[in-house]
Amino acid sequence: MTRRLWFITVLAALALVAAACSSGGDETTTTAADSSGETTTTAADSSGETTTTAADNGGAASDLGLPVIDPLDVPEGDVAIAGSSTVFPLSVAIIDQWQDEGGPAYAIDSIGSGGGFERFCVEGASDISNASRPIKDEEVEACKEIGR
């Protein structure tokens with residue numbers, strides 16, 4: 001698998017995580033990288049209106065105000081992933097492929113969706129929460145309380 005295809009696979013996985021962390025509105029968001037490496041996000045709100053914006057990797061912020069980060073620039077061990085035992089085998093397969101392509105190793109803990117949300121939203125100890133269910137309102141509030 002090429003790095004580009006792998007990167008698109010990672011973006012798709014992150015989109016699934018983001019969907020699990022959404023507040024449950026009617027909004028749909030799609031993220032993709034084109035051949036220039038530019039990331040494009042398309043969002044449809046509840047009115048059905050669609051907007052498309054793009055951010056380059058020149059240190060710019062995303063539409064959400066978050067920094068655009070090259071995943072190959074993140075040092076080994078700097079990303080902690082925890083959560084669903086159902087999603088765990090998929091996460092392990094993705095990380096194995098990532099490492100086969102030269103990416104750094106990241107920790108993945110299989111502690112259940114609830115445990116993953118607690119580690120992410122209450123403790124702030126993980127960077128990605130794998131989940132096999134939607135996030136609960138109280139978990140969203142816990143995330144907000146710690147600035148996530």
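Everything numeric in this text was worked out from a predicted model, so none of it was measured. Values below: every heavy atom of this structure, side chains too, minus hydrogens, waters and symmetry copies.
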Supply the atom-to-atom distance [X] [atom1] to [Y] [atom2], rounded to the nearest 0.5 angstrom.
X    : Y    : atom1 : atom2 : answer
N130 : F88  : CG    : CZ    : 9.5 Å
I108 : L90  : CD1   : CG    : 9.0 Å
C121 : K144 : SG    : NZ    : 11.0 Å

Exercise: identify the closest heavy-atom pair between [X] and [Y]:
X    : Y    : result
V68  : A61  : CG2-C, 4.1 Å
S129 : F120 : CB-CB, 3.8 Å
A80  : A125 : CB-O, 3.9 Å

Do any pairs count as a salt bridge (charged side-chain N to carboxylate O under 4.0 Å, His left out) and have a residue in residues 85-95, sequence neighbours left out, and if so which ones?
-> none

Quick one: which residue pairs count as a salt bridge (charged side-chain N to carboxylate O under 4.0 Å, His left out) with a foot in residues 103-113, not counting sequence neighbours?
-> D109-R119

Answer with yes or no whether the hydrophobic clustering places [X] together with [Y]; edges join I, L, V, M, F, W, Y residues whose side-chain heavy atoms lie under 4.5 Å apart.
X    : Y    : result
V122 : V140 : no
I69  : V79  : yes
V74  : I95  : yes
I146 : F117 : no

Check: W98 side chain, A105 main-chain N or O, donor-acceptor pair, under 3.5 Å | no

Identify, with sequence neighbours excluded, every residue that meets salt bridge (charged side-chain N to carboxylate O under 4.0 Å, His left out) alongside E139.
-> R133

Verify the distance criterion only: is there a donor paired with an acceptor across the side chains of S132 and S113 at less than 3.5 Å?
-> yes

